[in-house]
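This structure is a prediction, so every number in the text was calculated from the model and none was measured. No hydrogens, no waters, no symmetry mates; every other heavy atom, side chains included, goes into these values.
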Amino acid sequence: QVLLVESGGGLVQAGGSLRLSCADSRRTFTNYALGWFRQAPGKEREFVAAIHWSGYTSDAISVKGRFTISRDNAKNTVYLQMNSLKPEDTAVYYCAAASSAAWSIGQGYDYWGQGTQVTVSS
C-alpha cells in the first residue's frame, strides 16, 4: 500500500531546474513532517530537506540556496523545487514522513514513497 507518491523526476541539463511533488493521497500524514531524501548509485541515502506540518523547514548544506521545500496542506502535497542542478544531484529521490522530533536532522522517517529518478547531465 503506497501512501506517498512522488512525481516530477526526469533528465535535465546541469544548471536546469526540476520540481518534485509528493502526494499524500490518503491524507495520512497531515500532522507529520515530510522530507526528501536521495540515494545515488553506490552511495548511502542522504537527507535533502524536510518541512514540518507547521511550516518549519530544514535542509542539507549541500542544497542550501538551490533547493526549496514547500508544502500545500490543502492538497496534502509537498514539493521540492530544485534549481541550479549539478550532475552530483543525480539520484533517486524519495519522499518520507516522520512523527519524530528528530525530523529536521533526517531521522525518524517511518513511511516512504517509491522514489523518482533525477538525472542531471553535464
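- A donor-acceptor contact shorter than 3.5 Å links the side chain of Asp24 to the backbone of Arg27.
- Between Trp112 and Tyr94, the ring planes are perpendicular. Angles over 60° get that label, and only those under 30° would be called parallel.
- Interatomic distance, NZ of Lys43 versus OG1 of Thr90, reported as 10.0 Å (0.5 Å rounding).
- Separating the NE2 atom in His52 from the OG atom in Ser58 is a distance of 12.0 Å, to the nearest 0.5 Å.
- The CZ atom of Phe47 sits 10.0 Å away from atom OG of Ser62, with the distance rounded to the nearest 0.5 Å.
- For Lys64, the salt bridge (charged side-chain N to carboxylate O under 4.0 Å, His left out) partners two or more places apart in sequence, or in a different chain, are Asp59.
- Note that OG1 of Thr116 is 11.0 Å distant from CG of Leu80, once rounded to the nearest 0.5 Å.
- If you look at Tyr32 and Trp103, their ring centroids are not closer than 6.0 Å.
- Taking OG1 from Thr28 and CG from Leu4, the interatomic distance works out to 7.5 Å, rounded to the nearest 0.5 Å.
- Nearest heavy-atom pair across Ser17 and Ser84 is OG-N, 4.4 Å.
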**OP:** Check the pair Leu20, Glu6 against side chain to side chain contact (heavy atoms under 4.5 Å, CB included), reporting the backbone distance first and the verdict last.
**Re:** CA-CA 7 Å; Leu20 304 183; Glu6 303 97 334; over 6 Å; no
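- In this view, Arg26 satisfies the salt bridge (charged side-chain N to carboxylate O under 4.0 Å, His left out) rule with no residue, not counting sequence neighbours.
- Tracing side-chain contacts under 4.5 Å through hydrophobic residues (I, L, V, M, F, W, Y), one never reaches Tyr79 starting from Phe67; they form parts of separate clusters.
- Under the side chain to side chain donor-acceptor pair (under 3.5 Å) rule, Tyr93 has a single partner from Arg38, Gln117, Gln39, which is Arg38.
- One finds the CG atom of Leu34 at 11.0 Å from the OG atom of Ser70 (value rounded to the nearest 0.5 Å).
- Hydrophobic clustering, with ILVMFWY side chains joined whenever heavy atoms are under 4.5 angstrom apart, groups Val12 together with Val48.
- Note on Val78: it clusters hydrophobically with Leu3, by side-chain heavy-atom contacts below 4.5 Å among ILVMFWY residues.
- Taking the six-membered ring where the residue is Trp, Phe37 and Tyr109 present perpendicular rings, their angle passing 60° and hence far from 30°.
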Original post:
Checking side chain to side chain contact (heavy atoms under 4.5 Å, CB included) for the pair Asp89/Met82: CA distance, chi angles, key distance, verdict?
Top reply: CA-CA 9 Å; Asp89 294 318; Met82 304 187 295; over 6 Å; no
